[in-house]
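Lettering follows sequence order; numbering is per chain, from 1.
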2 protein chains.
Amino acid sequence: MPTIYDVARKAGVGIGTVSRALNDSPNISPETKEKVLRVAREMGYQPHALARGLAKKRTGAIGAIVPFLTNYFYLELLKGIQHEISRSKYDLILYSADDVTRGEELLERVLRERRVDGLLYISMPLSNRAARKVRSRQLPVVLVDSYHPEVDSIHVENQQGAYQATRYLLELGYRRLGMINGKLRSFPARERRQGFLKALSDFGLSPRPEWMIECDDMDGQDGFNAPAGYRAMLSLLALDDLPEALFVASDVQAYGVLRAAREKGVRIPDDLALVAFDDIQPSELIGLSTVRQPMFEMGQRAVKRLTEKLENGVQDLWHETLGTRLIIRSTCGGDGRKG
Amino acid sequence: MPTIYDVARKAGVGIGTVSRALNDSPNISPETKEKVLRVAREMGYQPHALARGLAKKRTGAIGAIVPFLTNYFYLELLKGIQHEISRSKYDLILYSADDVTRGEELLERVLRERRVDGLLYISMPLSNRAARKVRSRQLPVVLVDSYHPEVDSIHVENQQGAYQATRYLLELGYRRLGMINGKLRSFPARERRQGFLKALSDFGLSPRPEWMIECDDMDGQDGFNAPAGYRAMLSLLALDDLPEALFVASDVQAYGVLRAAREKGVRIPDDLALVAFDDIQPSELIGLSTVRQPMFEMGQRAVKRLTEKLENGVQDLWHETLGTRLIIRSTCGGDGRKG
DNA sequence: GTCTCTCATGGAAGCCCTTCCAAGGAAGCG
DNA sequence: CGCTTCCTTGGAAGGGCTTCCATGAGAGAC
């Protein structure tokens with residue numbers, strides 16, 4: 001593989017000049033620049049990414065730390081990230097935390113290793129300790145689908161969305177409501193729970209503890225996946241007294257719920273109404289009523305913010321909240337049925 | 001951030017010794033090693049990934065070039081990749097080709113840029129020209145869900161799977177069969193087409209050209225996505241004479257087909273039987289009959305092969321083919337109905 | 001014709017590591 | 001006690017780039 005020295009020799013110039021030609025420096029005559037670029041192209045020369053990164057103190061890469069990809073939510077998010085990344089000059093390094101509780105270890109390693117210029121920390125909680133470490137580095141970090149007051153973040157109106165969904169069930173006339181949620185260490189899980197509880201309380205109702213199910217994390221994840229939803233539904237159905245409507249904290253969990261319902265002969269929505277959260281693609285086909293969140297846009301905006309920060313070096317704290325929208329389909333009994 | 005010099009000074013040793021301690025070199029006394037590691041830990045020292053890569057001529061990263069993530073198939077594949085990567089010492093760099101036809105440009109850039117030690121080239125065709133370039137570098141590349149005789153590859157029995165699916169429809173008694181496919185530049189699309197045609201011919205039938213639909217690539221992709229399936233189905237339904245059964249080359253396309261069918265009042269399977277290919281997660285819930293391919297395993301094995309090649313430096317050519325299995329659900333009319 | 005100023009240019013230094021080589025010290029052997 | 005041999009160790013060199021500084025040539029002013 002040719003190095004910058006080979007190009008310099010062949011073009012009859014110094015290495016500095018080659019570097020200037022390749023980096024669009026103003027301090028080079030147009031003719032020299034053209035000649036150098038031509039020679040470089042002919043030789044198939046391309047700068048060594050690591051060497052360049054080392055010299056420039058800029059790696060040209062952005063990292064994303066994601067949990068294990070058990071939820072299609074991540075795919076939609078990644079699409080947005082991918083879209084925006086491919087418009088920028090950065091590459092994307094995908095780090096995966098096979099176990100959510102070890103996300104911060106990974107974060108620290110990545111922060112210190114300096115393989116990336118900026119970092120997306122996705123769908124995992126950030127402790128105060130870790131937040132402090134983040135702040136103490138110059139490396140910009142954006143929290144996605146999560147929140148910490150001292151670190152840039154973007155997420156949706158989880159509470160508001162859950163509130164809408166729950167309220168809709170209440171307005172249909174249902175009163176015996178349950179909720180299947182992810183682990184409460186997760187930010188969206190806590191927020192959605194708040195929204196659910198608020199709607200109940202606005203209707204003068206109290207939650208039934210045995211109907212508030214926090215999915216297990218058998219797989220080291222946060223319960224936001226289909227198998228966890230399936231197991232949660234089975235445990236719910238083992239109860240003597242059942243709710244008549246359910247708010248499920250994510251679509252994939254709802255898929256698990258639907259499967260369990262089908263196996264146990266529970267009819268949806270006749271025996272049990274259902275609203276979920278996310279609106280990933282298959283939900284439309286399945287007819288799942290759900291709260292739509294703009295996942296693609298969230299990924300896109302997170303990257304945009306990060307790259308802007310890298311270019312302009314802005315230092316202000318940034319928190320963005322995106323709206324949600326309730327999408328009514330066929331799992332909650334339609335308007336005519338009740339209420 | 002501390003460098004190796006800082007650690008060396010603080011530990012009262014030379015930089016070579018620090019390096020040896022950190023890299024598990026045998027040429028260091030246990031006591032020194034322990035002391036150095038302790039100091040390094042106290043200082044929060046971690047080697048600079050780029051500097052290390054430059055010196056070692058090993059980046060510690062594996063690249064994956066994927067098309068735009070419009071198919072859940074990729075998520076399943078990524079899960080397998082992620083799983084295996086996280087067990088290795090490599091990081092994953094995700095390059096996305098927003099336009100399938102430009103995948104090879106990206107490939108060449110990545111090959112030259114030397115940011116990765118090895119490369120997965122996913123679901124995109126490889127030209128002879130590109131294959132030659134790949135071979136001329138020492139950098140190992142594995143083709144995933146694709147094929148070229150001169151480059152390592154892994155994929156499933158596309159032809160065999162399609163044959164099974166088609167044959168099943170034929171055995172049910174259907175004779176008027178159509179196929180909705182991805183772009184034929186894609187390897188799986190061509191193979192699945194072959195399987196379909198072979199089954200027809202085994203039953204003494206000829207394909208009806210107007211029922212052989214190659215999805216459009218409006219979005220710069222290969223047609224393996226839901227919107228393309230939707231559009232293909234609409235164009236099919238515009239015909240006067242319709243097939244009675246359809247083999248669709250992927251589940252996500254089938255989702256688009258199902259949506260169009262619902263909108264146009266076409267009942268599945270009564271008016272039209274359907275078998276697809278992939279068996280991504282939601283298909284079970286939807287009741288889609290389909291050919292299951294081991295996507296997770298494919299991703300896993302591709303990474304495993306790549307890392308082995310990186311460790312052992314084996315040079316032999318490797319092609320692996322994984323089996324498929326027909327999963328009967330409710331979109332092709334069940335056994336009792338015909339035949 | 002002389003002096004200044006400007007600007008393109010070459011190349012050393014530096015980015016942070018690993019690796020290799022030379023050297024010192026300890027241990028073993030006769 | 002002297003000579004080998006074997007470990008450890010320090011640190012220079014090198015990996016391929018960018019950046020900065022010094023230099024020299026050309027242009028412009030007088």
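Listed nucleotides dC17(D), dC16(C), dT9(D) differ in distance to His48(B); the shortest reach to its side chain belongs to dC16(C). If you check dG10(C), dG10(D), dG15(D) against the side chain of Leu54(A), the one that comes closest is dG15(D).
Considering only side-chain N and O atoms, Thr17(B) lies under 4.0 angstrom from the phosphate OP1 or OP2 of dG10(D). OP1 or OP2 of dC15(C) has not a single side-chain nitrogen or oxygen of Thr3(B) nearer than 4.0 Å.
Atom-to-atom, CD1 of Ile4(A) to C1' of dG16(D) comes out at 8 Å; the value is rounded to the nearest Å. In this structure, Glu34(B) places its CD atom 17 Å from C1' of dT8(D), rounding to the nearest Å. Between the CG atom of Asn27(B) and the P atom of dA23(C) there is a distance of 18 Å, rounded to whole Å. Between the OH atom of Tyr5(A) and the C1' atom of dA13(C) there is a distance of 10 Å, given to the nearest Å. Atom CD of Glu113(B) and atom C1' of dG16(D) are 14 Å apart (whole Å). Following rounding to the nearest Å, Glu31(B) (CD) and dT8(D) (P) show an atom-to-atom distance of 9 Å. One interatomic measurement links the two molecules: CZ of Arg115(A) to P of dC16(C), which rounds to 16 Å at whole-angstrom precision. Here dC16(C) presents its C1' atom at 14 Å from CZ of Arg9(B), a figure rounded to the nearest Å.
Sequence order on DNA chain D of the closest nucleotides to Ser29(B) and Lys57(B) puts Ser29(B) first from the 5' end. The residue among Pro47(B) and Pro30(A) whose nearest nucleotide of DNA chain C is located toward the 5' end is Pro30(A).
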When you look at Phe187(A) and His148(A), which way does the ring pair (Phe, Tyr, Trp, His ring centres under 6.0 Å) test go after all the steps? CA-CA 9 Å; Phe187(A) 170 74; His148(A) 189 285; over 10 Å; no
The test is side-chain hydrogen bond (donor to acceptor under 3.5 Å, both in side chains); show your working for Thr70(A) and Gln221(A) and say whether it passes. CA-CA 8 Å; Thr70(A) 46; Gln221(A) 297 305 126; 4.5 Å; no
Could you give me the CA-CA distance, side-chain angles and deciding distance for Tyr72(A) and Tyr72(B), then say whether ring pair (Phe, Tyr, Trp, His ring centres under 6.0 Å) is met? CA-CA 8 Å; Tyr72(A) 288 145; Tyr72(B) 287 145; 3.8 Å; yes
One pair to check against side chain to side chain contact (heavy atoms under 4.5 Å, CB included): Val142(B) and Leu119(B). What are the steps and the verdict? CA-CA 6 Å; Val142(B) 172; Leu119(B) 202 49; over 6 Å; no
Tabulate protein N/O versus nucleotide N/O from nucleotides 19-26 of chain D, keeping only pairs under 3.5 Å, one per line.
{"residue": "dC20(D)", "atom": "N4", "partner": "Arg20(A)", "partner atom": "NH1", "Å": "3.1"}

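Arg112(B) pairs by the salt bridge (Lys or Arg N to Asp or Glu O under 4.0 Å) definition with nothing, not counting sequence neighbours.
No salt bridge links Lys304(B) with Glu308(B); every basic N to acidic carboxylate O contact stays at or beyond 4.0 Å.
Residues Asp117(B) and Tyr90(B) meet the side-chain proximity criterion, which asks for heavy atoms closer than 4.5 Å.
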